[in-house]
Amino acid sequence: MNLKATTKIDTNKYELEIEIPAADFDAAVNAAYKKEGKKMAIPGFRKGKAPRAFIEKYYGEGVFYDAAIDALYRPTVVEAIEASKLEVVSVGQMNITEVSKAQGLTFKLEVIVKPECKLEGYKGIEVTKKSTEVTEDDIMAEIKRVQERNSRVEVVSDRAVENGDIAVIDYEGFCDGVAFDGGKAENHELSIGSGQFIPGFEEQIIGHNAGEEFDINVKFPEEYHSEDLKGKDATFKIKLHEIKAKELPELDDDFVKDISEFDTVEEYKADIKAKLTETKEKNADIDIDNQLIDALAEKLEAEIPAEMNENEVNESINNFAYRLQSQGLNLDTYLKYTGLTPDALKDQFKDQAEKNVKVRLALETIVKLEGIEASDEEMEAEIEKLAKAYEMEVEKVKNIIAPEQLKLDITNEKAIKFVKENAVIKTEE
């Protein structure tokens with residue numbers, strides 16, 4: 001392969017002129033003959049036994065050219081891109097300018113490259129750290145959740161439904177006087193205040209007593225998943241069979257001993273405070289990272305090619321499809337269930353994908369400006385970390401992970417750490 005020329009033809013767009021010498025092209029044609037010739041019948045020869053020269057004379061000199069070009073295309077393009085030293089993000093169609101036994105193959109190829117980036121002000125970015133103070137209310141809210149998990153449910157007969165109760169109901173929904181599919185159930189246990197049903201439904205059950213039959217009038221949201229019910233008024237006929245209430249256990253030393261390794265309420269509360277503080281610290285740290293990432297995306301100046309954003313959207317959808325698959329679903333079923341079209345799904349990922357591209361370019365720019373590198377020791381440590389996380393042998397991880405991608409991940413991580421170390425972090429009052 002000879003890279004004859006590399007020509008810039010537009011912003012972020014280059015044209016590569018690539019030549020495959022006659023001898024190399026002929027070798028590829030001969031390999032195509034050995035594979036495809038077996039399927040060909042030529043008068044005077046048994047099927048698959050005709051010499052190459054006879055087949056070319058019968059069908060034309062270029063009979064094996066397409067197969068040879070297909071075989072040569074990928075390795076040749078990869079080699080040409082490496083030789084060009086360009087950071088290619090997308091490859092266009094090839095345009096063949098010469099193909100013959102005598103001259104070999106010459107073609108031109110348009111490629112899209114990463115944009116030139118300008119990034120200023122990445123040192124000294126001001127961010128605000130969220131408060132990590134744990135209040136008594138925070139502690140008691142956590143304790144109440146534990147009490148809820150250990151609560152008993154008892155039937156209530158001396159009062160009406162209150163928020164937080166469980167109402168056992170029959171219901172049937174009607175639109176314009178006609179019952180609709182999926183709008184009927186019997187002896188359904190509904191936790192009032194849980195938000196399980198559409199807005200306004202649960203609130204209208206409050207105040208009713210067991211044994212009552214009544215109607216509830218609601219309006220389906222405009223974003224409702226069923227096209228037939230979006231934005232429509234509906235009436236639900238309700239029969240309230242039973243009211244149940246949760247009885248929370250008393251917060252005392254005995255309760256603490258039953259649900260923890262501590263002996264007293266004070267010890268238990270101190271442990272909750274320590275854990276909540278640790279969680280708040282982690283969340284505050286993550287929030288700082290997100291603020292810095294948002295700032296970098298805004299500060300980046302670059303003419304980002306549409307192909308980069310499209311590639312990122314497609315990658316996001318592929319990852320989403322993989323997550324669905326791990327849950328026993330597939331993308332087609334998800335689209336059918338949600339009523340989304342493939343284009344609508346792409347639109348959902350578009351904004352985040354464009355931000356991801358900006359952030360990645362910003363971090364790569366910082367890596368270049370600050371001379372950040374990934375050492376061999378850091379590469380090895382990251383591979384061992386991945387091997388441990390996925391319970392794999394180190395050598396297997398090395399065979400799976402592309403070294404350049406791993407190096408890029410490490411340097412980008414060091415870049416965001418550099419930005420954080422040079423940021424101005426204020427504490428939320």
Side-chain angles (χ1 to χ4, degrees), residues 127-171 185-214 216 218 236 238-291 327 388-389 425-429:
V127 293
T128 302
K129 181 180 180 179
K130 288 186 176 180
S131 172
T132 58
E133 179 188 0
V134 176
T135 66
E136 184 68 17
D137 287 343
D138 294 331
I139 296 170
M140 292 309 299
E142 181 62 27
I143 289 175
K144 187 174 181 181
R145 281 191 283 273
V146 176
Q147 288 176 301
E148 290 273 359
R149 291 198 297 269
N150 290 273
S151 64
R152 293 184 302 173
V153 177
E154 295 186 346
V155 176
V156 176
S157 58
D158 59 348
R159 62 171 175 79
V161 176
E162 296 178 356
N163 194 33
D165 286 343
I166 298 171
V168 182
I169 60 172
D170 295 344
Y171 64 84
E186 294 180 353
N187 293 312
H188 179 80
E189 294 195 354
L190 176 62
S191 295
I192 306 301
S194 64
Q196 293 177 15
F197 279 30
I198 58 176
F201 188 101
E202 295 169 20
E203 292 85 345
Q204 293 182 58
I205 293 178
I206 293 174
H208 288 281
N209 291 286
E212 286 187 33
E213 296 186 26
F214 51 94
I216 284 177
V218 294
F236 283 87
I238 309 293
K239 183 174 182 179
L240 178 57
H241 291 293
E242 202 171 47
I243 304 168
K244 297 180 180 180
K246 291 180 180 178
E247 184 179 335
L248 302 184
E250 186 178 349
L251 178 60
D252 55 22
D253 292 347
D254 289 336
F255 171 69
V256 168
K257 290 174 184 176
D258 287 340
I259 54 89
S260 74
E261 69 271 30
F262 300 103
D263 294 324
T264 67
V265 172
E266 291 308 313
E267 289 174 340
Y268 182 51
K269 290 172 73 173
D271 181 67
I272 289 175
K273 183 174 183 179
K275 289 177 179 176
L276 288 177
T277 300
E278 182 181 1
T279 299
K280 283 197 170 189
E281 285 287 351
K282 287 180 180 178
N283 291 339
D285 207 44
I286 291 170
D287 184 67
I288 288 173
D289 288 347
N290 290 335
Q291 290 182 59
Q327 298 169 17
K388 185 177 180 180
I425 302 176
K426 300 178 181 178
T427 302
E428 183 181 61
E429 294 183 1

Residue from Val146, Asp263, Ile139 passing side chain to side chain contact (heavy atoms under 4.5 Å, CB included) with Tyr268
Val146
Any Ile259 side-chain heavy atom under 4.5 Å of Arg149 side chain
no
Which heavy atom of Thr264 sits nearest a heavy atom of Val256, and at what distance?
O-CG1, 3.5 Å
Roughly how far, to the nearest 0.5 Å, is CG of Asp252 from NZ of Lys257?
9.5 Å
Would Asn187 and Asp170 satisfy side chain to side chain contact (heavy atoms under 4.5 Å, CB included), going step by step from the backbone distance to the final call?
CA-CA 5 Å; Asn187 293 312; Asp170 295 344; 4.1 Å; yes
Of all the heavy-atom pairs spanning Ile216 and Val218, show the shortest one and how long it is.
CG2-CG1, 3.7 Å
Go through the steps to decide whether Ile286 and Asn290 satisfy the test side chain to side chain contact (heavy atoms under 4.5 Å, CB included), and finish with yes or no.
CA-CA 6 Å; Ile286 291 170; Asn290 290 335; 3.8 Å; yes
Between Glu428 and Thr128, is there a donor-acceptor pair closer than 3.5 Å when you use the side chain of the first and the backbone of the second?
no
With no hydrogens and no angle check, do the side chains of Thr132 and Glu281 hold a donor and an acceptor under 3.5 Å apart?
yes
Separation of Glu202 CD from Gln196 CD (nearest 0.5 Å)
6.0 Å
Any chance you could measure Asn163, atom CG, to Glu203, atom CD, to the nearest 0.5 Å?
8.0 Å
As an exercise, state the distance from CD1 of Ile205 to NE2 of His208, rounded to the nearest 0.5 Å.
8.0 Å
Under the salt bridge (Lys or Arg N to Asp or Glu O under 4.0 Å) criterion, do Glu186 and Lys239 qualify, and how do the steps go?
CA-CA 9 Å; Glu186 294 180 353; Lys239 183 174 182 179; over 6 Å; no
Is the side chain of Glu212 donor-acceptor paired with the backbone N or O of Leu240 at a distance under 3.5 Å, no angle test?
no
Go through Glu189 and Lys244 one step at a time and tell me if the side chain to side chain contact (heavy atoms under 4.5 Å, CB included) criterion holds.
CA-CA 9 Å; Glu189 294 195 354; Lys244 297 180 180 180; 2.8 Å; yes
First locate atom CD of Glu142, then atom CZ of Arg145, and finally report the distance between them rounded to the nearest 0.5 Å.
4.5 Å
What do the steps show when you test Ile166 against Ile192 for side chain to side chain contact (heavy atoms under 4.5 Å, CB included), and what is the final call?
CA-CA 6 Å; Ile166 298 171; Ile192 306 301; over 6 Å; no
Can you name the nearest heavy-atom pair linking Ser151 to Pro249, along with the distance?
CA-CD, 4.0 Å
Phe214 to Gln204 - nearest heavy-atom pair and separation
CE1-O, 4.1 Å
Looking at side-chain heavy atoms only, is the closest gap between Phe255 and Gln147 below 4.5 Å?
yes
Nearest atoms (heavy-atom pairs only) where Arg159 meets Ile243
O-CD1, 3.4 Å
Between His188 and Tyr171, what is the ring plane arrangement, given parallel below 30°, perpendicular above 60°, and tilted in between?
perpendicular
N/O donor-acceptor pair under 3.5 Å between Glu154 side chain and Ala245 backbone:
no
Do Asn283 and Lys130 have side chains that approach each other closer than 4.5 Å (heavy atoms only, starting at C-beta)?
no
Answer whether the closest heavy-atom distance between the side chains of Lys144 and Leu248 falls below 4.5 Å.
yes
Side chain proximity check, Leu190 to Phe201, heavy atoms < 4.5 angstrom
yes
Distance from Glu213 atom CD to His241 atom NE2, nearest 0.5 Å?
8.5 Å
Can you establish whether the number of heavy atoms outside Lys280 located under 6.0 Å from its atom NZ is more than 12?
yes
